Amino acid sequence: MQDLIDRVAGIVEAYPDEHVLTPKVAEALTEALARGLDLPAATTRPNPDRYVMYPLYIADDESFSIASAVWDVGQGTPVHGHETWGVVGIYSGQEHELSFVKPTVPDVPLIANGEHVWKPGEVTVCCTTDDDVHQVRCEGDAPVIGIHIYGGNIGTIERRSYEPETGRVDWFVSNWGDTD
Ligand SMILES: [Fe+2]
């Protein structure tokens with residue numbers, strides 16, 4: 001994990017443009033997953049009530065954070081945005097992602113923009129600030145654990161959830177899961 005942290009910190013410092021840095025972060029995460037990450041058990045357990053994100057690392061200056069995101073079987077998210085860049089890689093299980101075009105005007109139905117099932121070891125740039133709207137859920141009969149890297153402290157960022165049929169927005173904060 002320290003290797004990944006150091007590499008992402010270097011990339012974030014060197015490349016302010018998120019369209020440039022995200023492919024580099026994706027490459028670093030792909031290599032880290034291929035090498036194998038040793039996640040603490042407390043950051044891989046599903047919460048029966050809802051999907052959960054555990055902090056693996058939060059930069060002191062909050063320029064980026066790394067989360068272990070755990071979706072139990074049958075769990076998923078509403079349609080949501082991130083308001084920053086994001087790179088997601090699958091540690092175990094499978095994640096179904098449905099993407100949407102980020103609306104530029106309020107209260108219009110969202111336009112679907114593709115779907116994909118992500119498998120262990122696969123990495124995607126899920127988000128740049130201008131293109132960050134999707135809905136994800138656990139696919140299959142095992143929980144999905146993802147390593148999520150975001151351009152800020154994702155446990156405190158105010159971001160949007162969307163009602164896709166109407167474009168109605170609600171603001172929310174994810175809050176970090178409890179690692180005790
Ligand atoms: Fe997301």
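Indexing begins at 1, ligand by ligand and atom by atom, following the structure's order. For reference, positions follow the sequence shown, starting with 1. If you're wondering where the values come from, they're calculated on a predicted model, not measured in any experiment.
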note = Taking the Fe ion (ligand 1) as the apex, NE2 on H134 and NE2 on H80 give an angle, to 10°, of 100°
key: the Fe ion (ligand 1) contact by C126, N, O or S atom under 2.8 Å   = no
message = Which residue in the set Y57, W85, Y15 passes ring-ring contact (aromatic ring centres under 6.0 Å, His included) when paired with F64?
response = Y57
request  = Identify the two heavy atoms, one from S174 and one from I154, that lie closest to each other, and give their separation to 0.1 Å.
outcome  = CB-O, 3.9 Å
task = Before giving the answer on side chain to side chain donor-acceptor pair (under 3.5 Å), spell out for E97 and T124 the whole-Å C-alpha distance, their side-chain angles and the decisive distance to 0.1 Å.
result = CA-CA 10 Å; E97 178 185 34; T124 175; 4.7 Å; no
ask   = Do any N/O/S atoms of H148 come under 2.8 Å of the Fe ion (ligand 1)?
value = no
Centroid separation H148 to W71 less than 6.0 Å = yes
